[in-house]
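Only one structure is covered here, and it is reproduced in the block below.
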Amino acid sequence: MPEGPELHLASLFVNRMCEGVVFTGSVKKSQVSKRPDVPFTSEAYRITAQSRGKEVRLTLTPIKSDDVKQSVKAGHSDQPMDIIFHFGMSGFFRFTTEDELPKHAHLQFYSNEKPCRVLSFVDARRFGGWQPNGTWQPDRGPCIMFEYETFRENVLTHLSDRAFDRPICETLLNQKYFNGIGNYLRAEILFRLNIQPFVKARTVLEGLLCKDKKAEETTKTEISDQAVKNAAVEPLDLLSLCHTVPLEVVKQGGKGYDPEKADYSAFEAWLQCYCVDGMKSIRDHNSRTIWFKGDPGPMAPKNSKSPKAKKRVKKEDNHDYATQKKVGEGVTKARTVKQETLTEKVKKEKVPEKQTGSKRQRIQNGKEMSMPQQNKRSSARRKSSSTEMVLQKSGHVTRQSSK
DNA sequence: CGTCCACGTCTAC
DNA sequence: TAGACCTGGACGG
């Protein structure tokens, strides 16, 4: 789940599932977790969520009781508590009955219902975590999705920072400036503008300085919605795509990037570059895999090897945020249902639905930088162009590379 | 079986 | 610029 869109979808999930639900008692932590205990206990409380970049904040709010004494019980909180989560590589929220608690549910909030239900933070790899009584991490910049104007300003007023000495693909993972961008987003964003991943970040971004000054004189853009509109009208630039591309993922609903999910194919079809057959991939200076097309650019690491990508297979289990029922009736999606039928959900049926059947293949490349198979008009290529049409219809022009 | 890979930070030579 | 922190799925033998 772990890039900005997935964190935001998680917050939407919590708010939807927990609306009207009353939680009770203490917050339980799994035995194996090394994360802090959550010192909160309440007879009756509600849970709401908000996201910012790659963090989610849960707010536990005790419900006022007529019985004053009850709320004063020893050890019981009458004050709200914020808990800040980061998801690591594998974190997400689920809402299930008690006996359906998923494996790796490391933090659990119990409802007061008869067959009790549990909101749990699930994190197989345990790279994620939480901070009770937490605040947004101060070292993280404004959210690329919901604090667009501040995000943009934060970047453009700090271009002298040495963070921008690095290749753009590496700077895009710097959460001090790009809070919410992760490995698949950086690839998708650079690809759409045909920006070589290993061009110096400052070189790419300093051109936007004068552009913004111009805009300042003419129009005043203050809210994010406005920025979205402008982005659709004005020439696209790297920073505006850092805003709109993640929002496209949010718009799709579901859980975003989640290969284990039953209907992962919708997200997979949205990808134009990351893990797409025919694209190149190499390791950056932090040994993270960057996917791209064409020339890597002047700052590409020497001797960089390309990791071997592997195919992924969808699983039966379905814990899609979008499809879970209000009642925690588990995972009873018929296994016989075809994937095609599970993957409609293309907002606004304006777009003629596409062949969801064709599937992208992972590259099986060698040790050296992988090159696209020349004579292999991959289905991915077709797919890219059809995806592009979808995007254009929704107002997002893509500078597709169609060569 | 074993090896490689994964949506992300962290801190220690 | 390496590891460390972890689990588990895909693949190869």
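Quick caveat, the model's predicted, so the values are computed rather than measured. Labels below follow one simple rule: chain letters A, B, ... track the order of the sequence lines, proteins then strands, and each chain is numbered from 1.
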Is A:D284 salt-bridged to A:R186, going by a charged N under 4.0 Å from an acidic O?
-> yes
Whole-Å distance between [N] [atom2] and [X] [atom1]?
X: A:N286; N: B:dC10; atom1: CG; atom2: P; answer: 14 Å
X: A:F121; N: C:dT7; atom1: CZ; atom2: P; answer: 15 Å
X: A:D123; N: C:dT7; atom1: CG; atom2: C1'; answer: 10 Å
X: A:I84; N: B:dG8; atom1: CD1; atom2: C1'; answer: 17 Å
X: A:D258; N: B:dG8; atom1: CG; atom2: P; answer: 14 Å
X: A:Y257; N: B:dA6; atom1: OH; atom2: P; answer: 9 Å
X: A:Q131; N: B:dT9; atom1: CD; atom2: C1'; answer: 15 Å
X: A:K176; N: B:dT9; atom1: NZ; atom2: P; answer: 15 Å

Describe the nucleic acid contact of A:T289 in one word from base, sugar-phosphate, nothing, applying a heavy-atom distance below 4.0 Å.
->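 Here A:T289 touches the backbone only, sparing every base.
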Using the P atom as the reference point in each nucleotide, state the distance between C:dC6 and B:dC1 in Å, no decimals.
-> 23 Å
C1' gap between B:dT11 and C:dT7, integer Å = 22 Å
Give the intermediate values and the outcome of side chain to side chain contact (heavy atoms under 4.5 Å, CB included) for residues A:Q50 and A:S11.
-> CA-CA 5 Å; A:Q50 196 191 328; A:S11 76; 5.6 Å; no
With rounding to the nearest 0.5 Å, note down the distance linking OG in A:S120 to NE2 in A:H106.
->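 Nearest 0.5 Å value for the OG-NE2 distance: 10.0 Å.
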For [N], does OP1 or OP2 lie under 4.0 Å from any side-chain N or O of [X]?
X: A:Q175; N: B:dT9; answer: yes
X: A:R283; N: C:dT1; answer: no
X: A:R125; N: C:dA4; answer: no
X: A:R140; N: B:dT9; answer: yes
X: A:H104; N: C:dG8; answer: yes
X: A:K103; N: C:dT7; answer: no

May I ask you to check whether A:F87 and A:F93 place their ring centres under 6.0 Å from each other?
->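 Judged by ring-centre distance (under 6.0 Å), A:F93 and A:F87 do meet the cut-off.
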Are A:Y177 and A:F164 close enough that their ring centers fall under 6.0 Å?
->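 Yes, ring centres under 6.0 Å apart.
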If you check the [X] side chain, which of [options] turns out closest?
X: A:H86; options: B:dC10, B:dA6, B:dG8; result: B:dC10
X: A:Q137; options: B:dA6, B:dC10, C:dT7; result: B:dC10
X: A:R288; options: B:dG8, C:dT7, C:dC5; result: B:dG8

Crowded around A:E153 CD? As in, over 12 foreign heavy atoms under 6.0 Å?
->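 Not buried by this count: 12 neighbours or fewer within 6.0 Å.
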Which class fits the ring pair A:W270 and A:Y184: parallel under 30°, tilted 30 to 60°, perpendicular over 60°?
->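 Taking A:Y184 first and then A:W270, their aromatic rings stand perpendicular (interplane angle over 60°).
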Kindly state whether the pair A:F127 / C:dC5 counts as stacked, where counting means centroids closer than 5.5 Å and planes tilted less than 30° apart.
-> yes
Looking only at N and O atoms, is any donor in the side chain of A:R126 or the base of C:dC6 less than 3.5 Å from an acceptor on the other one?
->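 Flag unset: no donor-acceptor pair detected.
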When you look for runs of 3 or more Watson-Crick or G-U pairs in a row, both distances below 3.5 Å, which of them include DNA chain B?
->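 So the stems come out as B:1-6 with C:7-12, B:8-12 with C:1-5.
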Trace of the side-chain hydrogen bond (donor to acceptor under 3.5 Å, both in side chains) decision for A:T48 with A:N15 | CA-CA 5 Å; A:T48 57; A:N15 287 332; 4.9 Å; no
